[in-house]
Amino acid sequence: MVKTEKFIAEAIRRIQAESGDEKVVIALSGGVDSSVCAELASRAIGDRLIPIYVDTGLMRKGETARISEIFGHLGLKVVHAADEFLDALEGEEDPEKKRKIVGERFIRVFEREAKATGAKYLLQGTIYPDCIESEGGIKSHHNVGGLPLSMEFQKVIEPLRELYKDEVREVAEALDLPKEIAHRMPFPGPGLSVRVVGKVTRESIEVVREANAIIEDVLVEKYRPWQCLGALVGRGTGVKGDNRLFGWIVSVRAVNSRDGMTADPIEIAFADLQEIESRITSTIPSVARVVYDITPKPPATIEYE
Ligand code: XMP
């Protein structure tokens with residue numbers, strides 16, 4: 001606890017020192033990392049902080065409404081940019097390119113907002129594992145390796161760069177953030193685009209959004225997983241009614257982990273897996289199959305791309 005209090009005091013001092021008298025834009029996604037950053041920065045620089053949430057069209061179901069409600073008191077600005085992101089990603093199948101496209105779009109949106117408000121700096125919730133995995137060439141997490149080289153911001157401030165996820169959660173609790181935020185499952189910056197293996201289209205994003213909502217609904221309360229998700233991993237043959245269907249295969253993943261660097265699959269009761277299957281295949285017409293992924297990390301990563 002002493003360590004956490006010391007971190008908070010130091011982070012506030014660092015944000016004050018690094019930002020000087022400038023206005024700072026923060027990319028608030030509603031995840032624990034950016035929420036902790038926003039709270040620290042709000043304590044450090046008050047209304048020189050400009051919190052922005054971007055609706056990329058790649059978020060979980062109902063997310064934009066939920067985040068607007070929770071962070072309304074910070075003066076959160078919601079930027080509706082779904083068309084911009086989905087147009088840029090349309091047909092893209094390379095995972096690294098998806099990350100770069102999303103990273104670049106984010107920066108462009110923030111630059112526009114910064115120009116409109118006179119902010120020169122950007123604050124980001126990058127944490128330690130994002131940095132190591134990007135530097136190690138495993139994946140370029142959108143907020144690290146995905147950054148375009150030419151950024152109009154004069155400085156990027158990253159107060160959580162040295163922390164692991166569980167340490168960020170401790171800081172969230174010490175800052176009295178709502179439990180819902182402190183214990184939130186991680187969600188990748190490139191959002192649902194990396195939960196469609198292969199081509200991103202508006203249709204595939206809608207399908208994977210619905211599937212993720214059902215999976216979370218069945219698993220989160222009961223199993224309290226570190227993370228659970230669904231991904232479209234290809235197509236397979238099925239029959240629905242009297243028709244043959246070459247439909248989506250949804251892979252369900254639920255893992256426990258300390259920091260996301262390694263992870264173990266959770267033993268889910270067969271009845272719960274059957275509930276997920278029947279809800280997904282009955283409510284999403286284009287899904288033909290549902291499977292459960294039992295691979296730990298390593299060798300698999302948590303996300304599919
Ligand atoms: P992986 O898939 O690398 O994921 O085992 C480890 C944790 O990081 C999240 N993740 C990301 N987060 N940008 C992010 O902000 C990304 O590009 C990204 N890729 C994966 C993933 O959801 C998991 O919690």
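In each ligand, atom 1 is the first atom listed, and ligand 1 is the first ligand listed.
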For the pair [X] and [Y], find out whether any cationic side-chain nitrogen is under 4.0 Å from an anionic carboxylate oxygen.
{"X": "Arg202", "Y": "Asp87", "answer": "yes"}
{"X": "Lys165", "Y": "Asp259", "answer": "no"}
{"X": "Glu10", "Y": "Arg14", "answer": "no"}
{"X": "Lys115", "Y": "Glu111", "answer": "no"}
{"X": "Lys61", "Y": "Glu210", "answer": "yes"}

Contact atoms of ligand 1, heavy-atom distance to [X] under 4.0 Å:
{"X": "Thr301", "value": "1 (P), 2 (O), 5 (O)"}
{"X": "Gly189", "value": "12 (N), 13 (N), 14 (C), 15 (O)"}
{"X": "Pro190", "value": "13 (N), 16 (C), 17 (O)"}

For the 3.5 Å polar cut-off, considering only N or O atoms, please tell me whether [X] and ligand 1 meet it.
{"X": "Gly260", "value": "no"}
{"X": "Gln227", "value": "yes"}
{"X": "Lys297", "value": "yes"}
{"X": "Glu303", "value": "yes"}
{"X": "Arg99", "value": "yes"}

Original post:
Given that the side chain starts at C-beta and the backbone is N, CA, C, O, which of these parts of Pro186 lies under 4.0 Å from ligand 1, counting heavy atoms, or is it both or neither?
Top reply: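 It is the side chain that gets close, since no backbone atom is under 4.0 Å.
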Original post:
So Gln154 and Glu22, side-chain hydrogen bond (donor to acceptor under 3.5 Å, both in side chains) or not? Walk me through it.
Top reply: CA-CA 11 Å; Gln154 291 178 8; Glu22 298 296 341; over 6 Å; no
**OP:** Return yes when Trp226 approaches ligand 1 closer than 4.0 angstrom through a heavy atom, no otherwise.
**Re:**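 Flag set, Trp226 near ligand 1.
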**OP:** Establish, from distance only, whether the side-chain atoms of Thr64 and Tyr53 form a donor-acceptor pair under 3.5 Å.
**Re:** yes
